[in-house]
Amino acid sequence: MGLQLYNSLTRRKEEFKPLEKGKVGIYVCGPTVYGHAHLGHAKSYVSFDVLVRYLRYLGYNVTYVQNITDVGHLTDDADEGEDKIAAAAKREKKHPMALAEYYTRSYFEDMDRLNCVRPDISPRASGHITEQIDLVKTLLEKDFAYEVNGSVYFDVSKFNGYGKLSGRNIDQMIAGARVEVSPDKKNPADFALWKKAEPNHIMQWPSPWSMGYPGWHLECSVMSMKYLGKTIDIHGGGLENQFPHHECEIAQSEAANGVQFVKYWVHNNMVTVDGQKMGKSLNNFITLKQAFSGAHERLTRGYNPIAVRQLILNSHYRSPLDFSDASLFAAQSGYNKITETVKALRKAITSDTGSRPDEQIAEQLTQLRQKFEAAMDDDLNTSIALSVMFELVRLTQKLLDDKNTTAATFNLVDVLFTRLGGDCLGIVEQEYPLEGAADSELMNKLVNVLIEQRNEARRQKDYTRADELRNKLDDIGIALEDKSEGTTWRTK
RNA sequence: GGCGGCGUAGCCAAGAGGCCUAAGGCGACGGUUUGCAAAACCGUUAUUCGCCGGUUCGAAUCCGGCCGCCGCCUCCA
């Protein structure tokens, strides 16, 4: 069957076929870096990360491009308003480029923690001004655009495919327009390709029309073309960008090149927090740093970034996802279960090279792998893929209880955890640091001193003392577990 | 006003005409284990898929109506 992807352009699942055999070019709309990344970014970029990972698992040579928007994205509608970066820079009293750099780093940091693979290319809009000017020139030459007072607009009426992605028609939108239309525009749906800057605007560049800056939609077209070609395999982004952003990208790209811009449009759905749209005014706006640390009044604790990732993968990328403390808590428990199982499994793998894997188990593992792949092939059904991981957890625990399980069998199981849970889903790590996550060896030694004290008390049958030690550690978030091979600890 | 989505157990969430007397996770409860716990394991937890009607031999899945929730259309991932 092969990978089926839901294509927003055709509104149905289609078999994925790359333009060039064995190779995939994918462009994903990146963040506008004027603030820390939030839960919405997490859902979006984890979803596309899994797509990229799965394409690579299938053997494709993937080029993953994700832009960084550091200029041109306005705070207001109808191409009026301020530049988001400029506005935030003023607020934080920073140079716009310093602000963009700061939040770009913050973004990568958060994405790293979510275990998202870095894009192959992370182009900045501000680094592609000349290319953007060139595209505007082409559109003017081909009469798809017009200049007014130093600004250039795309003439939507000249491009008859406008609306094909979002299923809208221009007349409808004019009727429903709630915004005061710029007097410069011929048609309310026209959008800015180049904006003339006010003299005090820091970010401005010379162009044939004015000192100014590019319109927001332009950067994606330009950078997509530059790094992946005039027609690309996959373009991803959030559903809210389907209109107008992606619609505008299609218009300007196809008008300029005369060929199809994108073969498969993939859109992921939005998040809500406690059942409502996430917004600063609702006090439910949660950044990733807050989710990881727990520093938000809606959260009772901090959550492991991979647990956040796992929660995202628990539902389908095209379904909306509601974040709540309860859903995060549930994901954290599930994440712990998988992680602890993998750790125990890896501990059980010895250097015994002579053993052979159990054939029945090998057969079961093959079936699990097939179920996983079938789920992922079906438009990335990560919910089922994740359930396979839990089936694997149960099987592993059974094998761990069985003294006859060979090292070779454990190895086979680990291969599945590593390939499916690790490479594809990104929830199983290659290596886990010391017991207790990010803690130092010193910490480990320290806790072991206390464990030794408690075990001494237990030997003396002084259970009051033993329980007191355990409770005190529990209070500071360290859980002790007495196992047949000794007492272990982990952070909660 | 225009466009779209959703409503499945206490909670999250798959399933999209017969394999469903409905995956998986969380939680809860009972058991095994334990000094007691924890973790792990075993078992229980929806005869039913918002409501009402229809199509069909057969519907959670298709159609119609109603109710409820949400999103986009304006910056957002």
Side-chain angles (χ1 to χ4, degrees), chain A residues 11 28-32 34-35 37-48 69 73-82 84 87 163 166-169 171-173 175-179 216 236-245 267-272 275-280 310-311 313-316 318-324 326-338 340-341 344 371 375 378 381-391 393-394 396-398 400-401 458 461-464 466-467 470-471 474 479-484 487-490 492:
Chain A
R11 296 179 215 342
V28 172
C29 286
T32 300
Y34 66 108
H38 55 247
L39 292 172
H41 292 100
K43 174 164 163 75
S44 184
Y45 298 121
V46 166
S47 299
F48 291 115
T69 299
H73 198 163
L74 305 182
T75 56
D76 218 324
D77 39 33
D79 296 316
E80 293 308 313
E82 244 183 313
K84 285 187 167 188
S166 53
R168 290 156 211 260
N169 66 65
D171 303 335
Q172 227 173 48
M173 292 179 308
R178 283 197 256 145
V179 201
W216 174 45
L239 203 53
E240 80 291 343
N241 274 337
Q242 193 174 47
F243 184 89
H245 187 51
H267 289 99
N268 76 290
N269 217 134
M270 320 271 292
V271 308
T272 51
Q276 281 182 300
K277 176 189 166 84
M278 186 169 76
K280 284 181 174 150
Q310 194 168 301
L311 174 58
L313 299 181
N314 186 232
S315 65
H316 192 90
R318 284 192 287 116
S319 305
L321 170 61
D322 185 47
F323 279 98
S324 64
S327 66
L328 283 162
F329 193 91
Q332 178 75 51
S333 298
Y335 164 76
N336 290 347
K337 190 169 176 175
I338 293 174
E340 293 308 316
T341 301
K371 186 175 174 187
D378 182 15
N381 192 329
T382 52
S383 186
I384 289 179
L386 191 59
S387 79
V388 172
M389 297 317 294
F390 282 105
E391 286 183 56
V393 163
R394 220 177 309 134
T396 306
Q397 293 291 357
K398 241 175 241 172
L400 285 167
D401 282 345
R458 289 172 73 210
K461 299 226 187 306
D462 181 1
Y463 294 122
T464 314
D467 289 349
R470 185 172 62 194
N471 290 340
D474 192 78
L480 298 190
E481 289 168 9
D482 299 326
K483 297 175 181 166
S484 54
T487 303
T488 62
W489 70 276
R490 62 183 171 85
K492 290 196 295 180

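So you know, we letter chains A, B, ... as the sequences are listed, proteins then strands, and number each from 1.
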Shorter than 3.5 Å, N or O on both sides, protein versus nucleotides 18-25 of chain B: list them out with atom names.
unit_1: B:A23; atom_1: N1; unit_2: A:Ser383; atom_2: OG; d: 3.2
unit_1: B:G24; atom_1: N2; unit_2: A:Asn314; atom_2: ND2; d: 3.4

Spacing between [X] atom [atom1] and [N] atom [atom2], to the nearest angstrom:
| X | N | atom1 | atom2 | value |
| --- | --- | --- | --- | --- |
| A:Phe323 | B:C26 | CZ | P | 18 Å |
| A:Asp322 | B:C26 | CG | C1' | 15 Å |
| A:Asp401 | B:A39 | CG | P | 15 Å |
| A:Lys43 | B:A77 | NZ | C1' | 11 Å |
| A:His245 | B:C73 | NE2 | P | 13 Å |

So [X], base contact, sugar-phosphate only, or nothing? Heavy-atom distance under 4.0 Å.
| X | answer |
| --- | --- |
| A:Ser315 | sugar-phosphate |
| A:Thr341 | nothing |
| A:His316 | sugar-phosphate |
| A:Phe329 | nothing |
| A:Ser324 | nothing |
| A:Gly238 | sugar-phosphate |

Tell me which nucleotide among B:A77, B:C12, B:C41 gets nearest to the side chain of A:Leu311.
->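 Within the option list, the nearest is B:C12.
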
Of all the nucleotides listed (B:A13, B:C41, B:A39), which has the minimum atom distance to the side chain of A:Lys398?
->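 That would be B:C41.
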
Donor-acceptor pair, side chain of A:Ser333 and main chain of A:Phe329, under 3.5 angstrom =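 At least one qualifying donor-acceptor pair exists.
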
Would you mind checking if A:Asp467 and A:Arg470 are paired as a salt bridge, meaning a charged N to carboxylate O distance below 4.0 Å?
->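 Salt bridge between A:Arg470 and A:Asp467, a charged N being under 4.0 Å from a carboxylate O: yes.
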
RNA chain B stem ranges, 3 or more consecutive Watson-Crick or G-U pairs under 3.5 angstrom =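 Runs of three or more consecutive pairs: B:1-7 with B:67-73, B:10-12 with B:24-26, B:27-32 with B:40-45, B:50-54 with B:62-66.
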
Taking the [atom1] atom of each, how far is [N] from [M], in whole Å?
| N | M | atom1 | answer |
| --- | --- | --- | --- |
| B:U61 | B:G54 | C1' | 15 Å |
| B:C12 | B:C69 | P | 16 Å |
| B:A28 | B:G71 | P | 31 Å |
| B:U56 | B:G64 | C1' | 16 Å |
| B:C11 | B:C51 | P | 15 Å |
| B:C20 | B:C67 | C1' | 27 Å |
| B:G17 | B:G24 | C1' | 24 Å |
| B:C19 | B:G2 | C1' | 43 Å |

Using the side chain to side chain contact (heavy atoms under 4.5 Å, CB included) criterion, which residues pair with [X]? Sequence neighbours excluded.
| X | answer |
| --- | --- |
| A:Ser383 | A:Asn381 |
| A:Ala37 | A:His41, A:Tyr107, A:Asp110, A:Met111, A:Leu288 |
| A:Lys371 | A:Ile384, A:Val388, A:Glu391 |

Among A:Ser44, A:Ser47, A:Ser319, find the one that has a side-chain hydrogen bond (donor to acceptor under 3.5 Å, both in side chains) with A:Asn268.
->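 Going through A:Ser44, A:Ser47, A:Ser319 one by one, the side-chain hydrogen bond (donor to acceptor under 3.5 Å, both in side chains) with A:Asn268 is satisfied by A:Ser44 alone.
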
Measuring from atom [atom1] of [X] to atom [atom2] of [Y], what distance do you get when rounded to the nearest 0.5 angstrom?
| X | Y | atom1 | atom2 | result |
| --- | --- | --- | --- | --- |
| A:Phe323 | A:Lys43 | CZ | NZ | 8.0 Å |
| A:Asn314 | A:Leu321 | CG | CG | 8.5 Å |
| A:Leu239 | A:Asn269 | CG | CG | 5.0 Å |

Any side-chain heavy atom of A:Tyr463 sitting closer than 4.5 Å to one from A:Lys461?
->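 The answer is yes; the side chains approach within 4.5 Å.
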
What pairs with A:His267 under ring pair (Phe, Tyr, Trp, His ring centres under 6.0 Å), at least two apart in sequence or on another chain?
->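 A:His267 satisfies ring pair (Phe, Tyr, Trp, His ring centres under 6.0 Å) with A:His246, A:Trp265 once adjacent residues are dropped.
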
By nearest nucleotide on RNA chain B, pick out whichever of A:Cys29 and A:Asp378 is the more 5' one.
->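 The residue closer to the strand's 5' end, by nearest nucleotide, is A:Asp378.
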
Counterpart residues, side-chain hydrogen bond (donor to acceptor under 3.5 Å, both in side chains), relative to [X] (two or more places apart):
| X | value |
| --- | --- |
| A:Gln242 | none |
| A:Tyr34 | A:Lys84 |
| A:Gln332 | A:Asn336 |
| A:Asp482 | A:Arg454, A:Arg458, A:Thr487 |

Reading 5' to 3' through nucleotides 32-37 of chain B, protein heavy-atom contacts under 4.0 Å coded B for base, S for sugar-phosphate only, - for none = ---BBB

Looking only at non-hydrogen atoms, find the nearest pair between A:Ser327 and A:Leu311 and report the distance.
->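 For A:Ser327 versus A:Leu311, the nearest heavy atoms are OG-CD2, 3.6 Å.
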
Report each atom pair, protein N/O against N/O of nucleotides 70-72 of chain B, whose distance is under 3.5 angstrom.
unit_1: B:G71; atom_1: OP1; unit_2: A:Lys277; atom_2: N; d: 3.0
unit_1: B:C72; atom_1: OP1; unit_2: A:Lys277; atom_2: NZ; d: 2.5

